[in-house]
Novice: 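Can you read through this structure? Questions will come right after.
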Amino acid sequence: MPTLQLKLAAALAALIISVSVVSGFLVERGLRERETARIEASLAERLVLVDELAADASLTGTPTPELDALATRAARAARARVTLLSPQGRVLGDSEVPFDRLASLEDHSTRPEVQAALGGRVGRALRRSDTVGRRLFYVAAPSSRGTGVLRLAGELSDLDEAVWNLRLELITATILGLIAALALSYLFSWWALRPLRELRRAAASIAQGDLDTRMPLRMSADLGDISDAIHRMSVRLGQQLDETTSEKERLQAVLNAMVEGVLVVDAKGRLLLVNDRFRELFDVWGDLRGRAPLEVLRNADFEQLLNDAAETDDPVSCEIQVGGVDPRDLRVQAVRFPSGEAPRMGTVAVLHDLTEIRRLEQVRQDFVANASHELRTPLAAVQGFTETLLHSPDLSDEDQRSYLGIIERHALRLGHIVDDLLVLSRAESGAASLHFAEVDIAALATSLVQDAKRRPTASRLSIDLAVTGSAMAWADRQAAEQVLSNLLDNAIKYTEPGGRIEVGVEIEGDRVRAWVADTGIGIPEEDLARIFERFYRVDKARSRELGGTGLGLSIVRHLVQRMGGKLAVESEFGEGSTFSFTLPTRPSEVSAS
């Protein structure tokens, strides 16, 4: 049962019980007064009869059997206890006390009814009799002869029984009335409180987020106003919730689309919001709200930056390093909000990933250093031998031809470096446009292997071709030829005489796979991750001796990527290497890549 119904039922029950108690008390008191008055009147009438019976008796002496017998006869006639008393208050006869005990009874002159009778009046009293041990109503009057006192005592047992029966009836009526009243109060309160219950259910639904709940239509005037107010409130809340949700979704979409990481903490330094980029930078997932940044990120510098930003209105920044599987360099800028004298609500931090910038800076520095080093050697040779030729006119023709050959060789090397740099630059920047068409990679590999076998340097090697039928790829023919040619040239350069080279082409699903495997010097495991860098050589001395520029594999990687392919290498130092790449067979895969 709802609390309000319980309260109404309890109030009604208390009212019924109170009314029953008060009315019972009043009825009982009235009953007692009426019955007492009736008993008194009856005893007074019977007292006259006793006075007539005792008209000839003398009530001035001592107790005698005759007076005691008179009291007994009068009691039977009056149907009440009769006591005969002397003017001094001594009991001369009593209908309920044996004669032999009369002498032991105390003096009754102190009894209030006896005192009144000795004074010439009719005395009345209601009390428990010490002599007979019962509650009695006493009426006493002086004898008509003026020689003593006549007293009658009436039993109150009937009155007590009547009062007890009345109490039982009142209690029964109260219980029945209470049951009936509770049942009626339940039904009435259920009916009367039904609109309130409907309002409560509707309000509870709204509180739980169901803003589409409609208020009940049938209401009284007052409740109707409340229902309308709640309905308007729910509509307004729904509008505000939609606006807030849309704003939150827009904000979250903007934050997740940012390339910078964003973190927001509250005034207590607990996490409120992070975007997806922040989670990626620190590799933290799950629900982070309410947690401390230091607990989540384990970075004391970042924690100190947030503390510093909370103490000033000016933005603060620093650079931090994030370790782990993928180390990153981050620049963090933090500022408290709102600024000014308003109480601080929190701090927002924006993290910029500088890892790629630092890497590109390092690549640029390495490229400048490597390019300078690669160009310095042939330039120094050309310059040195040119000066020798210019300042030594007495050189023999043989020495002059030897020096000119050296100059020519280094000039050609300079030309190769410049050409490869231009090719690499165009491949990286996309300046050189590729012309895609169907290219038979198997036929292209066959042609390159046949040409390579004619080289003097390849005469001491075994070059095998593993091709079965055509293998059409969607690629640029010139780029594909350069990729295969560079890989084959490297295999020839770094394979000792008597070694074996295999060039193969096959179809793998919707791609064409080509590979060049050799039994050459191989690549150490620690160098595998860097062999596609510009000017990087595993065996620098041998590479320069063979005329390598250190740019071939960089060119291969960029050309394969631009054609939508993938490049891979497997090698074991001293055992040989296998370079492979795949190219798509359909134009859609080129655009998707």
Side-chain angles (χ1 to χ4, degrees), residues 25-26 28-164 166:
F25 172 75
L26 295 176
E28 180 180 337
R29 188 178 68 173
L31 176 62
R32 284 185 179 277
E33 291 177 352
R34 290 192 304 272
E35 288 298 313
T36 302
R38 184 185 63 78
I39 293 173
E40 179 183 356
S42 176
L43 290 176
E45 293 176 355
R46 284 179 276 178
L47 189 60
V48 174
L49 175 62
V50 173
D51 185 51
E52 293 179 354
L53 291 175
D56 296 333
S58 176
L59 303 179
T60 58
T62 59
T64 62
E66 290 78 8
L67 290 175
D68 188 59
L70 176 61
T72 301
R73 290 194 305 271
R76 286 196 297 268
R79 296 190 302 277
R81 178 186 175 188
V82 175
T83 304
L84 304 177
L85 298 110
S86 68
Q88 292 77 27
R90 184 178 182 182
V91 178
L92 302 177
D94 193 300
S95 61
E96 294 190 7
V97 179
F99 174 75
D100 56 357
R101 289 182 53 199
L102 292 178
S104 63
L105 295 179
E106 62 180 4
D107 184 7
H108 280 42
S109 61
T110 59
R111 304 291 195 270
E113 72 278 5
V114 175
Q115 290 180 347
L118 291 175
R121 304 186 307 275
V122 178
R124 303 169 181 83
L126 192 155
R127 68 176 180 274
R128 179 180 178 81
S129 171
D130 295 334
T131 303
V132 299
R134 300 194 302 273
R135 289 180 71 249
L136 301 173
F137 188 85
Y138 297 96
V139 176
S143 172
S144 59
R145 296 178 61 184
T147 59
V149 174
L150 303 175
R151 188 183 71 173
L152 268 68
E155 293 283 350
L156 295 178
S157 57
D158 293 340
L159 175 60
D160 292 338
E161 183 179 357
V163 171
W164 177 249
L166 175 63

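Quick caveat: nothing in here was measured; it's all calculated off a predicted structure.
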Novice: Would you please test Arg111 and Glu106 for salt bridge (charged side-chain N to carboxylate O under 4.0 Å, His left out) and show each step?
Specialist: CA-CA 11 Å; Arg111 304 291 195 270; Glu106 62 180 4; 2.7 Å; yes
Novice: Under 3.5 Å, side-chain donor or acceptor atoms of residues 65-72 against the rest of the protein: list the pairs with distances, not counting sequence neighbours.
Specialist:
unit_1: Asp68; atom_1: OD1; unit_2: Asp94; atom_2: N; d: 3.3
unit_1: Thr72; atom_1: OG1; unit_2: Asp68; atom_2: O; d: 3.1

Novice: Name all residues meeting the side-chain contact (heavy atoms from CB on, under 4.5 Å) criterion together with Ala140; count only those two or more places apart in sequence or in a different chain, and write none if there are none.
Specialist: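 Glu113, Ala117, Val149, Arg151.
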Novice: So Val97 and Leu105, do their side chains get closer than 4.5 Å, heavy atoms only?
Specialist: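 The answer is yes, as the side chains (C-beta and beyond) meet within the 4.5 Å cut-off.
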Novice: Ser86: what forms a side-chain hydrogen bond (donor to acceptor under 3.5 Å, both in side chains) with it, not counting sequence neighbours?
Specialist: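 Listed in chain order: Gln88.
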Novice: Could you tell me which residues satisfy side-chain hydrogen bond (donor to acceptor under 3.5 Å, both in side chains) with Ser109, sequence neighbours excluded, listed by chain and number?
Specialist: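 By the side-chain hydrogen bond (donor to acceptor under 3.5 Å, both in side chains) rule, Ser109 matches Asp107.
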Novice: I'd like to check the side-chain hydrogen bond (donor to acceptor under 3.5 Å, both in side chains) partners of Arg46; sequence neighbours left out, ordered by chain and number.
Specialist: Ser42
Novice: Just wondering, do Leu85 and Leu118 contact through their side chains at under 4.5 Å, heavy atoms?
Specialist: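 No, every pair of side-chain atoms sits at 4.5 Å or beyond.
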Novice: Of all the heavy-atom pairs spanning Ala77 and Leu49, show the shortest one and how long it is.
Specialist: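 Taking Ala77 first and Leu49 second, the nearest heavy atoms are O-CD2, 3.9 Å.
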Novice: Has the side chain of Ser95 got a donor or acceptor atom that lies under 3.5 Å from a matching backbone atom of Val82?
Specialist: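 Checking the backbone N and O of Val82 against the side chain of Ser95, a donor-acceptor pair under 3.5 Å is found.
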Novice: List the residues meeting side-chain contact (heavy atoms from CB on, under 4.5 Å) with Ala116, not counting sequence neighbours, and say none if there are none.
Specialist: Arg121
